[in-house]
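A short write-up of the structure that comes next.
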Amino acid sequence: MKVTLISSVIPLLRLRGGQRGRYETLFRRPSYMQNIRVRFAPSPTGFLHIGGVRTALFNWLFARHNGGTFILRIEDTDQTRSTDESIQAILQGMEWCGMDWDEGPGKDGAHGPYRQTERLSIYREHVEKLLQSGRAYKCYCTPGGLEERRKAAMAEGRPPKYDRKCLGIENPPEGVTPVIRFRADTEGQTVVNDLIKGKVTFENSVLDDLIIMRSDGWPTYNFAVVVDDSTMGITHVLRGDDHLNNTPRQMQMYDALGYDMPQFGHLSMILGSDKARLSKRHGATSIMQYKEMGYLSEAMVNYLVRLGWSFGDQEIFSVEEMIKNFSLESVSSAAAVFNPDKLNWINHHWINAKPPREIAKLLLPMLAQMDLAPAEDGLWSLERLEKIVLAQREKSRTLVEMAELSRYFFVEPEMEQKAAEKFLTPEIKPVLERLIGLLEAIPDSGFNHAELEKVFHLVMEKTGLKMGKVAQPVRVAVTGGTVSPGIYETLEILGKEESLKRLRKVIEKI
RNA sequence: GGUCCCUUCGUCUAGCGGUCUAGGACGACGGCCUCUCACGCCGUAAACACGGGUUCGAGUCCCGUAGGGAUCACCA
């Protein structure tokens with residue numbers, strides 16, 4: 001409904017062509033027509049990348065903040081590289097991050113289909129139109145020949161532009177399936193009034209006639225985006241700034257096709273610690289890998305939104321807060337380095353802010369993977385898990401860390417040699433024996449923090465030892481090491497039977 | 001190499017000509033708290049890339065230089 005309006009209203013505001021060789025986008029659309037439609041258009045050639053997630057997030061927030069429409073489109077025209085697994089990975093990643101789409105795979109809207117491979121007839125129509133208007137032509141040059149000429153041009157110091165050999169060709173070679181090239185306007189200049197970078201001017205002389213349809217009949221990126229964004233009524237194209245250089249040629253296509261230009265906003269890249277574009281070299285780049293490493297989606301989204309966007313001094317944002325406060329004006333135009341330390345800090349924050357029961361549910365699969373707990377979450381185990389979460393979350397930066405730190409709650413620990421030597425001394429043996437006696441006297445149902453505290457105070461009273469002198473040997477005895485939650489919590493979670501078992505075992509060895 | 005983008009503490013950033021002897025956060029370091037680890041709290045070190053302009057006045061505007069990044073495919 002609202003969609004069809006766009007193409008009929010916008011022509012009034014069209015600012016294009018007019019004078020030859022002059023292309024420019026509007027800086028701002030009047031507010032009365034802010035019927036915002038944005039899209040995230042990944043190509044399914046791998047997993048959903050961290051950088052992609054941030055691009056998606058900014059689009060999603062922009063849409064949600066403005067009450068607009070967020071569209072997910074799959075750019076899979078490169079059939080040799082696109083896979084269904086990748087599509088699944090993208091959908092999964094989007095869902096995990098909580099970014100829902102209004103139109104896209106599984107959500108039909110008035111502008112579908114949302115997979116480029118299902119839109120072939122649309123591209124063909126548009127190519128035909130350009131062919132007829134003379135803005136496109138067939139090119140019979142072979143990839144090999146092109147490559148040679150490109151190299152020759154480079155060697156002579158000329159820019160490696162296509163030489164228009166096939167423009168107006170009279171005797172096309174037989175048996176060669178041509179590609180279709182867009183005839184670029186190389187006069188004048190194109191200015192992009194970028195929402196993030198500001199005014200960017202390109203000389204059209206740098207442009208050449210790029211291929212818009214391959215010999216296999218599939219459109220190439222620069223053409224397909226224009227056709228899709230136009231026919232889908234996209235009003236704002238927010239994408240990585242690696243696309244900024246493509247923008248002038250795309251603008252010429254909008255013009256040649258008689259479509260209105262959207263507004264563009266080019267987000268800067270995410271860099272690795274060496275300031276090079278983030279890649280596998282810098283560690284995990286797939287969003288789902290972060291899930292596996294024990295990061296919460298809340299933390300990922302929170303961290304990513306702060307990479308290039310700010311709201312005063314605020315660091316922690318719930319999704320609601322992001323939506324409420326997001327604005328393109330506060331998006332930085334400079335690239336940002338991905339900082340795992342800060343991610344850890346934010347993850348730690350959300351582990352502590354999220355309800356423990358929720359964390360317990362997320363922890364379970366981690367434990368199962370480490371063979372520490374069965375995958376089924378019986379009520380009892382979930383309750384116990386919640387206690388563990390409460391006891392461990394202050395010191396856990398990831399769920400994996402939490403699981404590792406909690407090992408001794410599930411299996412009998414290995415004794416750390418140095419810790420044993422230092423704390424499990426003959427002098428402490430009578431103290432532990434006394435403690436065991438008192439612990440035995442506690443009824444099973446009362447083996448809790450309050451009772452344990454009483455017992456320990458009694459031991460300290462009788463032995464004249466300070467808390468540290470008592471607690472640490474007990475800690476080593478039951479956990480095998482020197483690090484654990486408070487000793488009362490630790491014993492309570494372990495339970496009476498297991499605690500006594502471990503203490504007795506230690507005493508025998510002293 | 002051509003073109004385009006970017007440049008405030010190690011990192012993310014605040015700053016939109018005077019309130020900046022530059023603020024916050026992560027990290028680092030020191031201290032306090034303490035049954036260990038951690039959390040928390042307090043504190044310390046740490047930046048306007050450089051050079052010219054414009055202006056009464058520049059981190060903030062302009063131009064150069066340097067450095068970094070992106071892009072120049074029948075990939076997206």
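Within every chain, numbering begins at 1; the chains are lettered A, B, ... in the order of the sequence lines, protein sequences first and strands thereafter.
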G-U wobble or Watson-Crick pairing nucleotide for [N] (cut-off 3.5 Å, both distances):
N      : value
B:rC20 : none
B:rC33 : none
B:rG27 : none
B:rG59 : none
B:rA66 : B:rU7
B:rC72 : B:rG1

Using the [atom1] atom as the reference point in each nucleotide, state the distance between [N] and [M] in Å, no decimals.
N      : M      : atom1 : answer
B:rA66 : B:rA49 : C1'   : 8 Å
B:rC4  : B:rG43 : P     : 49 Å
B:rG51 : B:rG67 : C1'   : 15 Å
B:rG27 : B:rC9  : C1'   : 12 Å
B:rA25 : B:rC42 : P     : 9 Å
B:rU21 : B:rU60 : P     : 14 Å
B:rU13 : B:rA46 : C1'   : 15 Å
B:rA28 : B:rG53 : P     : 44 Å

Practice prompt. Classify every nucleotide of nucleotides 19-26 of chain B by which part a protein heavy atom approaches to under 4.0 Å, writing B for the base, S for the sugar-phosphate alone and - for neither, in 5'-to-3' order.
Written response: ----BBBB
Item to complete: Determine, for nucleotides 68-76 of chain B in 5'-to-3' order, which nucleotides have protein heavy atoms under 4.0 Å from the base (write B), from only the sugar-phosphate (write S), or from neither (write -).
Response: -SBS-SBBB
Rounded to whole Å, please give me the gap between [atom1] in [X] and [atom2] in [N].
X        : N      : atom1 : atom2 : result
A:Glu401 : B:rA38 : CD    : P     : 11 Å
A:Leu278 : B:rU11 : CG    : P     : 16 Å
A:Tyr303 : B:rG27 : OH    : C1'   : 12 Å
A:Phe338 : B:rG27 : CZ    : P     : 15 Å
A:Lys199 : B:rC62 : NZ    : P     : 13 Å
A:Lys197 : B:rU3  : NZ    : C1'   : 15 Å
A:Glu329 : B:rA14 : CD    : C1'   : 16 Å
A:Ile270 : B:rC6  : CD1   : C1'   : 16 Å

Using only heavy-atom distances, determine whether the side chains of [X] and [Y] contain a donor-acceptor pair under 3.5 Å.
X        : Y        : value
A:Tyr114 : A:Asp228 : no
A:His282 : A:Asp274 : yes
A:Gln250 : A:Asn222 : yes
A:Thr479 : A:Ser484 : no

Practice prompt. Please state whether the rings of A:His266 and A:Phe264 are parallel, tilted or perpendicular, taking 30° and 60° as the class boundaries.
Written response: parallel
Taking any heavy-atom pair under 4.0 Å as a contact, classify [X]: base, sugar-phosphate, or nothing.
X        : result
A:Gly468 : sugar-phosphate
A:Gly481 : nothing
A:Ile487 : base
A:Ser484 : base
A:Thr80  : nothing

Worksheet, complete the sentence: Sorted by position of nearest nucleotide on RNA chain B, 5' first, the leading residue of A:Phe202 and A:Gly308 is A:Phe202
Response to the item:
Note: for A:Arg54 and A:Ser396 on RNA chain B, the residue whose nearest nucleotide lies more 5' is A:Arg54
Item to complete: Search all heavy atoms of A:Ile169 against all heavy atoms of A:Tyr140 and return the closest pair with its distance.
Response: CG2-CE1, 4.1 Å
Worksheet item: So, for A:Tyr303 and A:His349, is the gap between ring centers shorter than 6.0 Å?
Response: no
Worksheet entry | A:Arg502 with A:Glu498: basic N within carboxylate O range, under 4.0 Å | yes
Worksheet entry | Distance, nearest 0.5 Å, that separates OG1 of A:Thr285 from NZ of A:Lys280 | 6.0 Å
Discussion item. Nearest 0.5 Å, please: how far is NE2 in A:His449 from CD1 in A:Ile493?
Written reply: 10.5 Å
Worksheet item: Okay, side chain of A:Thr25, backbone of A:Asn193: is any donor-acceptor separation there less than 3.5 Å?
Response: yes
Discussion item. Let's see if you can work this out: which of B:rC5, B:rU13, B:rC35 has an atom nearest to the side-chain heavy atoms of A:Ser332?
Written reply: B:rU13
Worksheet item: Who pairs with A:Arg164 by side-chain hydrogen bond (donor to acceptor under 3.5 Å, both in side chains), at least two apart in sequence or on another chain?
Response: A:Asp209
